[in-house]
Every structure is written in structure tokens, then in C-alpha cells.
There are 2 protein chains.
Amino acid sequence: MRKTTDDITDLVQIGQVAQTLGVNPKTVRYYEEIKLIPEAPRNNAGYRLYDQAAFDRLSFILRARNLDFSLDDIGEILALREDGEAPCLYVTELVDRRISDIDTRIEGLRQLRHELEDIREEARSIPREDILLNDCICHLIENEALVARDPLKEKD
Amino acid sequence: MRKTTDDITDLVQIGQVAQTLGVNPKTVRYYEEIKLIPEAPRNNAGYRLYDQAAFDRLSFILRARNLDFSLDDIGEILALREDGEAPCLYVTELVDRRISDIDTRIEGLRQLRHELEDIREEARSIPREDILLNDCICHLIENEALVARDPLKEKD
DNA sequence: CTTGACATTCCAGTAGATGGAAACTATACA
DNA sequence: TGTATAGTTTCCATCTACTGGAATGTCAAG
């Protein structure tokens with residue numbers, strides 16, 4: 001007994017596809033709903049059935065998601081491919097943009113981490129008797145550099 | 001003519017508060033809607049009016065948001081303060097958790113960046129004649145390590 | 001015949017806002 | 001007095017990428 005591996009008529013249900021790809025079946029239905037994947041054909045019971053092509057497309061989508069591409073971007077890529085164009089050029093542009101986004105994000109997180117470290121330091125130096133003073137909400141956050149100007153404190 | 005700066009009866013409208021703090025007025029209304037700030041009193045026209053205390057609270061919230069605290073967390077902090085407790089201890093715990101989250105996130109981004117760099121490299125080495133081959137959606141993403149097992153390709 | 005594991009649809013909710021529409025108010029200017 | 005402009009109000013919708021839950025249907029095994 002052997003499954004005819006190359007037989008494209010092999011069909012599997014949503015649960016198996018989802019489990020194999022490590023996602024929630026709801027995610028797969030959701031992708032269909034937003035037309036990222038075509039409507040899956042159904043069996044007599046109304047269950048969705050997936051063939052190799054459907055599986056591959058889904059698999060591609062998830063791999064792209066792992067690379068943090070948005071569903072919109074992925075849709076673009078798939079659409080290009082369907083028009084017979086190789087989306088690779090478009091993808092490299094996306095990749096370049098994503099890399100630059102990531103650099104920005106990392107820098108932002110570094111900065112944020114630094115500020116939080118400062119707060120952590122500060123926490124060790126606040127006099128116990130100050131901690132319950134009622135003139136602020138929380139020394140730790142309050143003491144951070146105040147950027148906003150206060151419209152109620154403007155003179156003249 | 002001088003504004004009596006210390007007079008806490010000075011009141012400003014939402015637009016001025018928002019502009020001064022550098023946020024959208026909608027954000028301020030939103031915070032009221034989710035009860036992060038108390039309902040602002042209104043003038044005859046039904047316009048919201050903000051006093052010093054309201055401004056300070058809002059300002060605190062935004063500073064905490066800048067530190068990437070969730071609105072839920074910020075609500076907790078404010079609630080503690082209202083109960084007369086100094087939230088500093090709670091805040092340090094939050095801070096510790098956030099720092100650890102950030103480290104995780106940065107590491108994830110670094111990893112992601114690395115993968116995207118690989119794709120970028122790959123893009124330079126794909127033979128022009130391969131680019132339009134129809135057996136894949138996009139070489140660049142396709143060539144990435146495939147993690148999922150394919151249920152349609154299982155033998156035996 | 002029932003139990004359990006699947007599947008279906010539909011509705012709602014998540015976080016943190018933001019956009020837009022329709023209506024009202026306030027102020028300045030001619 | 002009229003009107004133009006700007007600010008405000010409420011309400012509803014939208015964004016991202018799903019996920020949870022309810023009510024119902026299907027299927028195979030024991």
C-alpha cells in the first residue's frame with residue numbers, strides 16, 4: 001500500500017493542512033476570506049479540500065509571513081506571479097525596505113531599553129520616604145525627561 | 001495682562017491639550033472612552049475642558065506610552081496611585097519585564113534581518129533565465145529553508 | 001446509538017488608535 | 001447681518017492578522 005505521492009488528485013482537509021504547516025485552521029479560512037488564497041473546493045459534506053498547489057501557495061504565504069511581510073505585500077507578490085511576472089524584483093525592493101524598517105525598529109528598541117535601564121537605576125536610588133509623596137503619580141516615570149510643554153503653565 | 005499661571009481654574013480645550021502634548025485630539029477622547037482618564041467637564045457648548053490635574057495625568061500617560069507600556073499597564077499604575085499606593089514597585093516589575101521583552105524582540109529582529117540579508121544576497125546570484133521559471137512563486141522566498149512537512153508528499 | 005473528533009458558518013473581540021460624516025459653536029471680518 | 005473658517009461634538013467604520021466561541025453538521029469507531 002503506498003500513497004501515490006505525485007498524484008495531484010490527493011486531497012487533504014483543512015485540519016491536516018493547518019497542522020502540517022503549524023497554523024490554526026482559522027488562519028487558513030481567514031486567508032480564503034480575504035482572497036489571499038482561492039476558494040477551496042468542497043467535498044459532499046462541505047469540507048474544504050486542498051491539493052498540492054493550494055498547499056504550496058499556503059506554504060509560501062506562511063514562509064513570507066515568517067519573514068514578516070504583510071499580507072498585503074504577500075498578496076502583491078502572488079498577484080505579480082499570477083500575471084506571469086517574476087516578483088523577485090519587487091520582492092527585493094520589499095526586502096530592502098523591510099531591512100531598513102528593521103534597523104529603525106532595532107534602534108528605537110535600543111533607545112527604549114536604555115531609558116528603561118535608567119528607570120531601573122533610578123528605582124534603586126529613590127529615598128524610601130519620597131516614594132509615597134503625593135505630588136506625582138510615579139517618580140520613576142515622572143522623572144523621565146518631559147518633552148511636552150504645559151499650556152496651563154504659560155506665563156505672559 | 002497676565003495669565004494667572006498658578007490658578008488651577010485655568011481651563012483649556014481639547015485641541016490645545018492635544019497640540020501641546022503632540023497627540024491627536026481623538027486619542028484624548030479615546031482615553032476618556034476607555035476610562036483611562038476621567039470624564040472631562042464640559043462648558044456650555046459641550047466642549048471638554050481640561051485643568052492642570054487632567055493635563056498632568058494625560059501627560060503621564062503619554063510618557064508611559066513612549067516607554068511602550070500598554071494602556072492596560074498604565075491603567076494599573078494609575079489605579080494603584082489612586083488607591084494611595086506608590087506604584088513604583090509595580091512599575092519596576094513592569095520595567096524588568098519590558099526590558100526582557102525588548103531583548104527578545106531585538107534578537108528576533110536581528111535574526112529576521114539576517115534572513116532578509118541572505119535573500120538580498122541570493123537576489124544577486126539568481127541566473128536571469130531562472131527568474132521566470134514557472135515552478136515557483138518567487139525564488140527568493142521559495143529558497144528559504146522550508147520548515148513545514150508536506151502532507152501530500154508523504155510516502156509509504 | 002452514542003461518543004469524539006473533525007468540519008462548517010457567523011459574530012465578536014483583540015490594541016490603539018485614526019478617518020470621515022453630519023451637526024453644532026465660536027470668532028472674525030465685511 | 002451674513003458668512004467663512006476653525007474648532008468641537010457624536011457616531012460609525014477601518015486598520016492588522018488573526019483568534020475565540022457558539023450553534024450546528026459530518027463521519028468513523030465501538
Side-chain angles (χ1 to χ4, degrees), chain A residues 11-37 39-50 54 57-78 94 97-98 101-102 105 108 112 151, chain B residues 11-37 39-50 54 57-58 60-78 94 97-98 101 105 108 112 151:
Chain A
L11 297 173
V12 289
Q13 293 183 9
I14 199 169
Q16 173 134 38
V17 170
Q19 196 188 357
T20 308
L21 291 171
V23 289
N24 194 316
K26 296 231 176 198
T27 304
V28 180
R29 290 192 201 99
Y30 172 69
Y31 287 168
E32 181 179 312
E33 189 190 326
I34 64 170
K35 298 178 192 314
L36 197 55
I37 55 180
E39 285 190 24
R42 311 295 183 102
N43 67 10
N44 291 338
Y47 290 13
R48 288 174 181 81
L49 295 174
Y50 297 86
R57 189 181 176 100
L58 205 40
S59 169
F60 174 85
I61 291 169
L62 296 171
R63 209 152 37 233
R65 280 294 297 144
N66 274 342
L67 294 172
D68 220 23
F69 287 105
S70 73
L71 294 181
D72 264 8
D73 283 344
I74 296 170
E76 275 300 315
I77 296 169
L78 291 169
L94 281 185
R97 242 179 293 151
R98 290 292 301 123
D101 287 351
I102 287 169
R105 184 81 186 117
L112 178 58
Chain B
L11 297 172
V12 289
Q13 293 182 10
I14 199 168
Q16 173 137 37
V17 169
Q19 196 187 357
T20 307
L21 291 170
V23 290
N24 194 315
K26 297 233 175 195
T27 304
V28 180
R29 292 193 199 99
Y30 172 68
Y31 287 168
E32 180 179 313
E33 188 189 326
I34 63 171
K35 296 178 195 312
L36 197 54
I37 55 181
E39 285 191 22
R42 312 293 184 105
N43 67 9
N44 291 338
Y47 289 13
R48 288 174 179 80
L49 296 175
Y50 297 86
R57 188 180 175 100
L58 205 40
F60 174 85
I61 292 168
L62 295 171
R63 209 152 37 233
R65 280 293 296 144
N66 274 342
L67 294 172
D68 220 23
F69 287 107
S70 72
L71 294 181
D72 265 8
D73 283 345
I74 296 169
E76 276 300 315
I77 295 170
L78 291 168
L94 281 185
R97 240 180 295 151
R98 289 293 300 123
D101 287 351
R105 184 80 186 119
L112 178 59

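Chain letters run A, B, ... following the sequence lines, proteins first, then strands; residues in each count from 1. What you see below is based on every heavy atom in this structure, not just the backbone, and it leaves out hydrogens, waters and symmetry mates.
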Starting at CZ of A/R29 and ending at P of D/dG21, how long is that distance when rounded to a whole Å?
-> 15 Å
Quick one: pull up CD in B/E39 and CD in B/E33 and give me the separation to the nearest 0.5 Å.
-> 11.0 Å
Separation between CG (A/D72) and CD (A/E76), nearest 0.5 Å, reads 7.5 Å
Distance, rounded to the nearest Å, where B/N24 contributes CG and D/dC15 contributes C1' = 15 Å
Taking atom types as they are modelled, is there a donor-acceptor pair under 3.5 Å from the base of D/dG25 to the side chain of A/Y47?
-> yes
Quickly work out the A/I14 CD1 to C/dT9 P distance and round it to whole Å.
-> 9 Å
In whole Å, what is the span from the CG atom of B/N43 to the P atom of D/dT9?
-> 8 Å
Map B/V23 and B/N44 onto DNA chain C by nearest heavy atom, then report which one ends up closer to the 5' terminus.
-> B/V23
Between atom CG in B/L62 and atom P in C/dG16, what is the gap in whole Å?
-> 13 Å
Would you say a side-chain N or O of B/R65 is under 4.0 Å from OP1 or OP2 of C/dA17?
-> yes
Given atom CD of A/E32 and atom C1' of D/dT19, what is their separation to the nearest angstrom?
-> 17 Å
Ignoring backbone atoms, test whether B/S70 places a side-chain nitrogen or oxygen under 4.0 Å from the OP1 or OP2 oxygen of C/dA15.
-> no
Does a sphere of radius 6.0 Å around CD in B/E32 hold more than 12 heavy atoms from other residues, nucleotides or ligands, not counting ones at 6.0 Å or beyond?
-> yes
OP1, OP2 of D/dT16 versus side-chain N and O of A/Y30: anything below 4.0 Å?
-> no
Passing candidate, salt bridge (Lys or Arg N to Asp or Glu O under 4.0 Å) with B/D68, options B/R63, B/R105, B/R98, B/R97 | B/R98
Closest non-hydrogen contact found for B/L49 with B/A40 is O-CB, 3.8 Å
Does a nitrogen or oxygen in the side chain of A/R48 sit under 4.0 Å from OP1 or OP2 of C/dA7?
-> no
To the nearest Å, how far apart are B/K26 NZ and C/dA21 C1'?
-> 9 Å
Give a yes/no on whether any side-chain N or O of B/T27 is located under 4.0 angstrom from OP1 or OP2 of C/dT18.
-> yes
Rounded to whole Å, CZ of A/F69 lies from P of D/dC18 at a distance of 15 Å
Residue mapping more 5' on DNA chain D - nearest nucleotide basis, A/Y31 or A/A45 = A/Y31
Reckon B/Q13 has a side-chain N or O less than 4.0 Å from the OP1 or OP2 of D/dG7?
-> no
Report which part of the nucleic acid B/I34 touches: base, sugar-phosphate, or nothing (heavy-atom distance under 4.0 Å, all strands).
-> nothing
